[in-house]
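Data first, discussion second: the structure below is written as structure tokens.
Within every chain, numbering begins at 1; the chains are lettered A, B, ... in the order of the sequence lines, protein sequences first and strands thereafter.
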Protein chains: 2
Amino acid sequence: MARTREFDFDATVAAAMEAFRRNGYEGTSIRDLTKATGLGSGSIYAAFGSKEGLYLAALDLYRQRYAAPLIDMLRSGNDAREVIREVFVGAVDEIARDGKRLACLIVGATVERARDDLRVAERLRSTTRSLESALFDVLAEGQLRGQIAADRSATDLATFLVTSLQGLRVMGGINADRATLMRSAEVALSCLD
Amino acid sequence: MARTREFDFDATVAAAMEAFRRNGYEGTSIRDLTKATGLGSGSIYAAFGSKEGLYLAALDLYRQRYAAPLIDMLRSGNDAREVIREVFVGAVDEIARDGKRLACLIVGATVERARDDLRVAERLRSTTRSLESALFDVLAEGQLRGQIAADRSATDLATFLVTSLQGLRVMGGINADRATLMRSAEVALSCLD
DNA sequence: ACAGTTCTTTGGCGGTCGTTCCAGTTAGCC
DNA sequence: GGCTAACTGGAACGACCGCCAAAGAACTGT
């Protein structure tokens, strides 16, 4: 065998993720990442292959940490209207807490990287699709039970809700006032009536 | 006096704007901008002072070209419901046409620059405020005339609609399919019922 | 103890960054 | 037609970019 890896892989990716959220892809240099992670540049390249590789790892961690829990919540089987509201309130809280300091990596990747990087674009599509699909299931179920308005297709509503969440994240970068974001979210949720 | 400026100022800013929309702020170098505008770097610095100066000029042109017309439409005095629909359909068309290639500079600036650059942040707040205010007036008028549901405040609806537009622009970067975007927009518009 | 393997650090590669400076050119005023 | 001032493209600046080779350090298996 050989020397064991010294650094904490997950903590490293988490540190890189925060750096990318703070300054974007192009705005974060390898030297910034060495400071943020505590690794030397050689170690970064040994572990991730390239700056893009580390970015993809950070994006995957972000999806796992922030998108997957939303999907799990939606799949928990709880009341449709209630669980969707929970998702929105959670998103608003998070944006209000650190939306000024840290951008959503998914929105950032969409704007800054999706055009150049097919692997990023694929991940974004995948996450969006999963979220839409989870929302669709909850909405369709809710419509059957009469909890959600049935005069619009669950597909359209699901797409709309994802779009609204993206919009909230953008707005958080301009004005992260919680009350304003929440009022916007309330209107979006009222589409389910 | 002295020699007159040779290059077309507006065309130069327009070329820079497209470059920034295509590759973002950090992703566009001064050398890229010399190729896009046809100017030498010396001329760029004489006219705009810095890369940031040219970016601000590009952002201002974007606001003038894409945000101001929306506001003018809203202020035209036409039927509330109709004019708001027009704004959304116009936005969807534009995103579907070149959302894959060219990002919305406002969303891009929010994600990539607003945290670092106060002058950018101020411009974004100003544009958002103007758009919200124009929407508010149209909505309030529509509510008085019974064309728009009056059970929600016009302020909230205006904020929500701006958020929806931002969301559509982000979604356009992931999946610019016109029909999907339009169905999302339709749901948002149905909040006015 | 030693060989073998893998991780880590260091230093620096070639190139590009934003910016500045400069010589050369051109347009307006006497 | 000179004089001057502004504009022009391009060379060059120091700094920084992403990346990588080489060597030291730490671990396992013998």
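Residues passing the salt bridge (charged side-chain N to carboxylate O under 4.0 Å, His left out) test with R65(A): none are found, sequence neighbours excluded. In this structure A36(A) satisfies the side-chain contact (heavy atoms from CB on, under 4.5 Å) test together with A19(A), sequence neighbours excluded. Applying the salt bridge (charged side-chain N to carboxylate O under 4.0 Å, His left out) test to R178(A) and every residue at least two apart in sequence or in another chain returns D93(A).
The pair R183(B)-E186(B) fails the salt-bridge criterion, with no side-chain N (NZ, NE, NH1 or NH2) lying under 4.0 Å from an Asp/Glu carboxylate O.
The heavy-atom pair separating G108(A) from V111(B) by the smallest distance is CA-CG1, 3.6 Å. Considering every non-hydrogen atom in both T163(A) and S184(B), the closest pair reads OG1-OG, 3.0 Å.
Against DNA chain C, the stretch residues 21-31 of chain A makes heavy-atom approaches under 4.0 Å through R31(A). For the contact set between residues 33-60 of chain B and DNA chain D, defined by any heavy atom under 4.0 Å, the members are G38(B), L39(B), G40(B), S41(B), G42(B), S43(B).
Applying the ring pair (Phe, Tyr, Trp, His ring centres under 6.0 Å) test to pairs two or more places apart or on separate chains, those with a residue in residues 63-113 of chain B are Y62(B)-Y66(B).
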